[in-house]
Amino acid sequence: KELFSVRDITIEYSVFNEQNVEDVTEILEKYKGQNLLFVDVKKIEEEIMADRYLKVMQVKKIYPCEISVSLSERRPSYFYEDKNSESTGYYLFDEEFFVIGKVTEKPSTSSGVTGVSFTDNFKGLTPGFVLKKQIEFGYGFNDMLLKCTSALGDSRANIVSINFVGMPEEKNYRLVLKTVEGGSIEIRNADRDLFEKITKGVNFYKSLSESERIENTILVYKESDGIRCDYTKKIPR
């Protein structure tokens, strides 16, 4: 028993909240002296994340006597405007759809967060946000949003919002990406070939001049000969 008794605790932090650091240290201290063979790493992970905005990267048992924990603090990647409550506000969530907080002022996209919204013609989507919980949007949008973010890469800085559009009459989904210049990249049938369509659309967007990007639309869709991009220029009134 003494051979596998926990003596050392190693914690790697990417955390800026001192209270979080103190809390996690206190949680792990109680494991000292326990038999490493019977330490439940999943339980440690759950204890650390309970009621905290922390992401556990890894909990590892290192024989004969050490527990190693790697942590990071959750940072918002997206925001969603809640118009259904009595007081309108903006929910912030990360790329694991973990709800980090709610603010009254619209977040600035320059802070690295992207707006997410829905035009739900299916009338079936009622996302419920609970702090420190994960949100499941429905219609497979979680997966679509992850693919969208991955496909955008560094180009995400050019996108201020991502709008999900349910089209029941056409039985497909669209994603409309609003650009910093006021234009749009509209992805048809977003539940199919999404990564390729966004990559194609963004590359087409980058090929346009600054004046061509303003308040105009790039329509991205797939035909038998491949993915196409149609450019529509807004007609001045």
*Asks:* Can the positive tip of Lys132 be found less than 6.0 Å from the middle of the six-membered ring of Tyr53, inside 45° of the ring normal?
*Replies:*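 Geometry flag: set, cation within 6.0 Å and 45°.
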*Asks:* Could you go step by step and tell me if Tyr173 and Val165 meet the side-chain contact (heavy atoms from CB on, under 4.5 Å) rule?
*Replies:* CA-CA 6 Å; Tyr173 312 119; Val165 184; over 6 Å; no
*Asks:* Within a reach of under 6.0 Å around NZ of Lys61, are more than 12 heavy atoms found that belong to other residues, nucleotides or ligands?
*Replies:*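 Enclosed: over 12 neighbouring heavy atoms sit under 6.0 Å from NZ of Lys61.
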*Asks:* For residues Val103 and Val130: do they belong to one hydrophobic cluster (side chain heavy atoms under 4.5 Å, members Ile, Leu, Val, Met, Phe, Trp, Tyr)?
*Replies:*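 Not linked; separate clusters.
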*Asks:* Hey, is the main chain of Phe204 close enough, under 3.5 Å, to the side chain of Ser207 for a donor-acceptor pair?
*Replies:*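 Yes, Ser207 side chain to Phe204 backbone: donor-acceptor pair under 3.5 Å.
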*Asks:* So, Arg156 and Glu95, do they make that salt bridge, N to O below 4.0 Å?
*Replies:*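 Looking at Glu95 together with Arg156, the answer is yes, because their closest N to O distance falls below 4.0 Å.
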*Asks:* Which heavy atom of Ala190 sits nearest a heavy atom of Met144, and at what distance?
*Replies:*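 Scanning both residues completely, I find the closest heavy atoms to be O-SD, 3.7 Å.
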*Asks:* Which atom pair, heavy atoms only, marks the closest approach of Ala157 to Val180?
*Replies:*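 For Ala157 versus Val180, the nearest heavy atoms are O-CG1, 3.7 Å.
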*Asks:* Under 4.0 Å between a Lys/Arg side-chain N and an Asp/Glu carboxylate O for Glu47 and Lys30?
*Replies:*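 Lys30 and Glu47: salt-bridged.
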*Asks:* State which residue, out of Asn189, Asp230, Asp193, fulfils the side chain to side chain donor-acceptor pair (under 3.5 Å) condition with Tyr221.
*Replies:*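 Going through the options one by one, the only one that passes is Asp230.
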*Asks:* On the ring face of Tyr205, is Arg213 found with NZ or CZ under 6.0 Å from the centre and within 45° of the axis?
*Replies:*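 Pair Arg213/Tyr205 counts as cation-pi.
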*Asks:* Which heavy atom of Leu92 sits nearest a heavy atom of Pro107, and at what distance?
*Replies:*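 What the structure gives for the nearest pair is CD2-CG, 3.7 Å.
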*Asks:* Stepwise, does the side-chain contact (heavy atoms from CB on, under 4.5 Å) test hold for Leu177 with Leu152?
*Replies:* CA-CA 10 Å; Leu177 283 60; Leu152 285 172; 3.8 Å; yes
*Asks:* For Lys32 and Ser5, indicate whether the former's side chain and the latter's backbone hold a donor-acceptor pair under 3.5 Å.
*Replies:*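 Looks like no, no N/O pair under 3.5 Å.
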*Asks:* For a 4.5 angstrom cut-off between non-hydrogen side-chain atoms, does Thr114 reach Val116?
*Replies:*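 Counting from C-beta outward, Thr114 and Val116 never come under 4.5 Å.
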*Asks:* Without swapping roles, check the side chain of Asp94 against the backbone of Tyr78 for a donor-acceptor pair under 3.5 Å.
*Replies:*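 No; zero donor-acceptor contacts below 3.5 Å.
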*Asks:* Can you confirm whether Lys133 sits close enough to Val99 that some side-chain heavy atom of one is under 4.5 Å from a side-chain heavy atom of the other?
*Replies:*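 No, side chains not in contact.
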*Asks:* Looking only at atom types and distance, does a side-chain atom of Asn216 sit under 3.5 Å from a main-chain N or O of Ile214, one as donor and one as acceptor?
*Replies:*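 It does hold such a pair.
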*Asks:* Salt-bridged, Arg7 to Glu66, with N to O below 4.0 Å?
*Replies:*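 Result for this pair is no, no salt bridge flagged.
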*Asks:* If you count heavy atoms of other groups shown closer than 6.0 angstrom to CD of Glu210, is the number above 12?
*Replies:*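 Open: at most 12 neighbouring heavy atoms sit under 6.0 Å from CD of Glu210.
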*Asks:* Does any part of the side chain of Asp40, heavy atoms only, come nearer than 4.5 Å to the side chain of Ile44, both counted from C-beta?
*Replies:*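 A side-chain contact is absent here, since even the closest heavy-atom pair is not under 4.5 Å.
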*Asks:* Closer than 3.5 angstrom, by distance alone: can the side chain of Gln34 be matched with the main-chain N or O of Val6 as a donor-acceptor pair?
*Replies:*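 No, because the side chain of Gln34 does not come within donor-acceptor range (under 3.5 Å) of the backbone of Val6.
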*Asks:* Examine Tyr80 together with Tyr91 and report whether their ring centres are nearer than 6.0 Å.
*Replies:*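 Aromatic pair excluded; centres sit 6.0 Å or further apart.
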*Asks:* When you measure from the side chain of Glu26 to the backbone N and O of Asp23, does any donor-acceptor pair fall under 3.5 Å?
*Replies:*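 Answer holds: no.
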*Asks:* Does the salt bridge (charged side-chain N to carboxylate O under 4.0 Å, His left out) test come out yes or no for Asp82 and Lys102, once each step is laid out?
*Replies:* CA-CA 9 Å; Asp82 178 28; Lys102 185 178 182 180; 3.5 Å; yes
*Asks:* Do Glu186 and Val220 come close enough that some side-chain heavy atom pair is under 4.5 Å?
*Replies:*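 Result no, sub-4.5 Å side-chain heavy-atom pair not found.
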*Asks:* Please say whether more than 12 non-hydrogen atoms of neighbouring residues, nucleotides or ligands are located less than 6.0 Å from CD in Gln19.
*Replies:*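 Yes, enclosed.
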*Asks:* How long is the span from the SG atom in Cys229 to the NZ atom in Lys197, to the nearest 0.5 Å?
*Replies:*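 Result: 11.0 Å between the selected atoms.
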*Asks:* Rounded to the nearest 0.5 Å, how far apart are NZ of Lys147 and CG of Leu175?
*Replies:*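 So the NZ of Lys147 and the CG of Leu175 are separated by 11.0 Å.
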*Asks:* Does the side chain of Glu196 pick up a donor-acceptor pair with the side chain of Thr199 at under 3.5 Å?
*Replies:*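 Per modelled atom types, Glu196 and Thr199 side chains form no pair under 3.5 Å.
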*Asks:* Would you say the side chain of Thr25 lies within less than 4.5 Å of the side chain of Ile11, judging by non-hydrogen atoms?
*Replies:*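 Yes, their side chains come closer than 4.5 Å.
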*Asks:* Step by step, work out the side-chain contact (heavy atoms from CB on, under 4.5 Å) result for Ile162 and Leu145.
*Replies:* CA-CA 8 Å; Ile162 302 171; Leu145 186 55; 3.7 Å; yes
*Asks:* Should the pair Phe137 and Phe93 be assigned to parallel (<30°), tilted (30 to 60°) or perpendicular (>60°) ring geometry?
*Replies:*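 Correct class here is tilted.
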*Asks:* Run the numbers on Thr179 and Val160 for side-chain contact (heavy atoms from CB on, under 4.5 Å), then give the verdict.
*Replies:* CA-CA 6 Å; Thr179 70; Val160 296; over 6 Å; no
*Asks:* Let me check something: do Leu146 and Val113 share a hydrophobic cluster, defined by ILVMFWY side-chain heavy atoms less than 4.5 Å apart, either directly or through other members?
*Replies:*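 No, Leu146 does not connect to Val113 through the hydrophobic network.
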*Asks:* Examine Met49 and Val39 and state if one hydrophobic cluster contains both, with Ile, Leu, Val, Met, Phe, Trp and Tyr joined whenever side-chain heavy atoms are less than 4.5 Å apart.
*Replies:*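 Cluster IDs for Met49 and Val39 match.
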